[in-house]
Structures are given as structure tokens and as C-alpha cells.
Amino acid sequence: MDAGWSKDDLDVRARAREFTARFLYPYEEELDEAEAVNPETEAAICQAVRDYGLNAINHARTFGGQEMTILQQCIVNEEVGSATNALWGRVWQPPICLKDGTPEQIEKYLIPACRGDITTSFCTSEPTAGSDAGGVKTAAVAQGNQYVINGEKCFASNAERADVNLLTTVVEGRPTLFLIDKGTPGFNVRRLPRFAQRSGHGHPELDIVDMKVPATQMLGGVGMGYELTKDWFVEARLAIAARSIGMAVRASELALAWSRERVQFGQAIIGFQAVEFMLAEMATDIMAGKSMLYRVASEIDHGLDRKVAHAKASAIKLFCSEAGFRVVDKAVQIFGGRGTMCENPVERLTRDIRLERIWEGTSEIQKMVIGGQIRKRGLDMYTGWD
Ligand SMILES: Cc1cc2nc3c(=O)[nH]c(=O)nc-3n(C[C@H](O)[C@H](O)[C@H](O)COP(=O)(O)OP(=O)(O)OC[C@H]3O[C@@H](n4cnc5c(N)ncnc54)[C@H](O)[C@@H]3O)c2cc1C
């Protein structure tokens, strides 16, 4: 299904596919067992990302990014997303809102982040503000030409070691982002809980205690936090959808191959209608998810209104993460007991795909967004076909 993709789009897919096969799949089991990849391998993967032209696919060339279209970004995320334990994270995509920084911030953070010289994390969630992201309590109080920040954060991926953390705060009750350099006193890791994914980095709980940062570390301005994260949500939700499709495609291909090979009751199990029907449902879910993802990605590239893009991204994230979960679960069923062995990619995909229904807005939150749009504007945005 290439749906009229250009030669460039197909080239992007070929590059991302080859990179994933050569530089991500071979390290999956090592990462799963040791919860880390050795530093030489990390360096080789990092160099390969640059060599394959996959660094900062979401940023402009002037900043050192690849300036890919949204459709091409989805193509890359589908391919790299099929690698287990979040190895896709090695293909860095610096937060899109860094482009809204001052010239000094762009020089100090965005350009090195696009090169892959520095790493980033995004710290929004708090113990009492998960789905309710508007409930963030971490407070930044002006004190001369600096801000003093106090609060708690949880599960911010990579925050324990990122070179710069984008921190969501409130300034006089208004959502505001700050750029926090690694090692800033008062930015404390309280605990590094273990999660189902063995990505090689943490999702820490953080205490932020009397942390002083110069006012120049604010991104955008007081009250700009929500506005700056809007585009991030569209990008992140489409990326999740693309990865979910990538995982589903991989799981279904593995399950198909196994169903042809595995013999029970004197015949290959694909010959049983129960198994064939599972494969049929898997293919149908993938086809539907892929169709909506790439259609809307192309619409965004052709100037879709920002609000509409935001609303549609919710529906795509909802469907693709749920459909991907159904597909991966059926793949495990087709493998039988072998589908639960950690050495089998479908077992690891089970752990990965489960998370996609939760972060960047749970399925229930996506339904709230979609429902709210339907109440305001009617169904046409989702069901119309212009
Ligand atoms: C591995 C991992 C990595 C993460 N990385 C980051 C990160 O890098 N940065 C960051 O800021 N956060 C991160 N998070 C946090 C993540 O964004 C939150 O877990 C997610 O937003 C859900 O919040 P919660 O876990 O507090 O669940 P809750 O908000 O407590 O939700 C619990 C349940 O209640 C439901 N619910 C809540 N409100 C409603 C409602 N109004 N209507 C219907 N149902 C509702 C939810 O859908 C869910 O089913 C990460 C989480 C994990 C697990």
C-alpha cells in the first residue's frame, strides 16, 4: 500500500527499513536481557542514524534536521517503531517546540539536539496530574531575574540523564515551560521505578526543590506552555499511531510465517479457519489504521487547519494503538506458548504496544477530545470525505 507515495517517500521508507534491520533488530535481545546496550553499540547506532539521514526528521534543515514531511515522519516511525523495547527512541526527534526558542536557545539546545550531541526529556506528568495535564502544580515564582521552582514530576522518560529537560510549570497559575540543564541544583531524582519496557533509560519520579533558573531559560513566555505543546501532541500522537502500525505489521508477518510452518493435527495451522480468521482480522485492522494515518498525514502536509489536525490526530492515535494491540495479541495466540517467550519479538511487542494506549493521552482522553469536537462541530471532520 504506497498510496501514490513519491520517489522520495519510498526512498525514506527503504532507508528507515534497512536501518532498522541492521541497527535496531540485532540489539533487541541484548537490551531485553541486560536492560542496556554496550556503549560502543550505542555509539554505532547513533552514527548510523546520521549516516542514514534519520536524525531530527521533524526539524528544519537550517537547524540541522532532515525537514521531512509529516507523511515521511510517519513512514520512518512505522519502520523504526517495529523494533522492540523502544529502540526507536535511538532515532532522536527533539521536541518540536524547541524551534520556538530564542536565537540563543536554538543555538544552545536545538541545533546540538538535532545533531544528536545532546539529549532531551519532557517533564509534564505529576503524581496528581496525569491525564489531567492542566492540573500541573509545579510552581515557578519570579525572584528578580530568575525563577524559583518547586514541585514533583513523574515518569519523565530519560529525565535522569538528559542534557536538557523541558519542564512544565505554572507561573501565577499560567502554564509555562522552562529549559532545565542537567545538573541544575534542586532537580532531584527520587526514584527510578522499573517498567515493562527495557529501553535502557528510566522514567523517574522527580522532586524539584527550590530550583533556581535564570528567566532566560523560559521557553516562549509566561502562559505559553499549552500553546507550545499543541503541535507536540499532534506529532507525538501520529508517531504513536505509526509505531503501533509498525509493531502490528511485524507481529502479523511473524505470525503468518509461523502459521505456515507449525503443524498440528497433521496440517499447518494456517489451514484451520480459526487461525486464518485471526490473520484476516489482523490484516483488516492494519489496513484501516494505515489508511487513516497516511491520509491525514498527507492532509497535514497539504495545509490542514491546525485545530482539525489536532482533533484528527486523537482519532488516529486511538484507533491505531487499540488496533495494534488487537493484532499483537492475536499474533501471540497464533504462536501459542511460544508467543510468551521473551526471545520471541511478539512477546516483547506485547509489552511495548500496551503502553501506546496510555501515554500522550490515554484512549479515554482521546475519546474525550473526539467527543468534544463532535459536540462542537458535528461529525463531518471525522466521517466526511471531501
Ligand atoms: C513508561 C512511561 C513513560 C512516560 N513518559 C512520560 C514523559 O516522558 N513525560 C511525561 O510528562 N509523562 C510521561 N509519562 C506519563 C504518562 O503521560 C501518563 O502515565 C499518562 O498521561 C496517564 O496518566 P496517569 O498514568 O496518571 O493515569 P490517570 O490519569 O490516573 O488515569 C487512570 C485511568 O483513568 C482514566 N481517566 C482519567 N481521567 C479520565 C476522564 N476524565 N474520563 C475518563 N477516564 C479518565 C484514564 O484513561 C486511565 O484509564 C510516562 C508514563 C509511562 C508509563
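This one's a predicted model, so the numbers in the text were calculated from it and none came from an experiment. Counting starts at 1 for both ligands and their atoms, in listed order.
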Q: Could you verify whether a donor N or O on one side chain and an acceptor N or O on the other, from Gln197 and Asp352, lie under 3.5 Å apart?
A: yes
Flag [atom] as yes if some protein heavy-atom distance to it falls below 4.0 Å, otherwise no.
atom: atom 30 (O) of ligand 1; value: no
atom: atom 34 (O) of ligand 1; value: no
atom: atom 40 (C) of ligand 1; value: yes

Q. Quick one: does ligand 1 sit under 4.0 Å from the side chain of Thr362, the backbone, both or neither, non-hydrogen atoms only?
A. side chain
(Q) Applying a heavy-atom cut-off of 4.0 Å, say which part of Phe195 lies close to ligand 1: side chain, backbone, both or neither. (A) side chain
Can the positive tip of [X] be found less than 6.0 Å from the middle of the six-membered ring of [Y], inside 45° of the ring normal?
X: Arg13; Y: Trp5; value: no
X: Arg17; Y: Tyr25; value: no
X: Arg357; Y: Phe325; value: yes
X: Arg338; Y: Phe335; value: no

Under 3.5 Å, N or O to N or O, is [X] touching ligand 1 that way?
X: Asp132; value: no
X: Ile365; value: no
X: Ser125; value: yes

Just jot down the ligand 1 atoms closer than 4.0 angstrom to any heavy atom of [X], in number order.
X: Met368; result: 40 (C), 41 (N), 42 (N)
X: His203; result: 1 (C), 3 (C)
X: Thr124; result: 10 (C), 11 (O)
X: Leu355; result: 1 (C), 53 (C)
X: Ile358; result: 20 (C)
X: Trp359; result: 2 (C), 3 (C), 4 (C)

Can you tell me which residue and heavy atom of the protein come closest to [atom], and the distance to 0.1 Å?
atom: atom 37 (C) of ligand 1; answer: Ser131 OG, 3.6 Å
atom: atom 44 (N) of ligand 1; answer: Glu364 CB, 3.6 Å
atom: atom 13 (C) of ligand 1; answer: Phe155 O, 3.3 Å
atom: atom 8 (O) of ligand 1; answer: Ser157 N, 2.8 Å
atom: atom 24 (P) of ligand 1; answer: Gly130 CA, 4.0 Å
atom: atom 9 (N) of ligand 1; answer: Phe122 O, 2.8 Å

Rounded distance (nearest 0.5 Å) linking atom [atom1] of [X] with atom [atom2] of [Y]:
X: Ser244; Y: Asp285; atom1: OG; atom2: CG; value: 11.5 Å
X: Arg326; Y: Ser321; atom1: CZ; atom2: OG; value: 9.5 Å
X: Glu235; Y: Asn77; atom1: CD; atom2: CG; value: 8.5 Å

(Q) Taking the ring of Trp359 and the ring of Phe155, is the distance between their centroids below 6.0 Å? (A) no
Q.
Among Asp9, Asn58, Asp301, Asp8, exactly one meets side chain to side chain donor-acceptor pair (under 3.5 Å) together with Gln72. Which residue is that?
A. Asp9
Q. Honestly curious: do Leu166 and Tyr147 fall in one hydrophobic cluster under the side-chain, below-4.5 Å linking rule?
A. no
Q. With respect to Arg198, which candidate in Glu30, Glu33, Glu35 satisfies the salt bridge (charged side-chain N to carboxylate O under 4.0 Å, His left out) definition?
A. Glu35
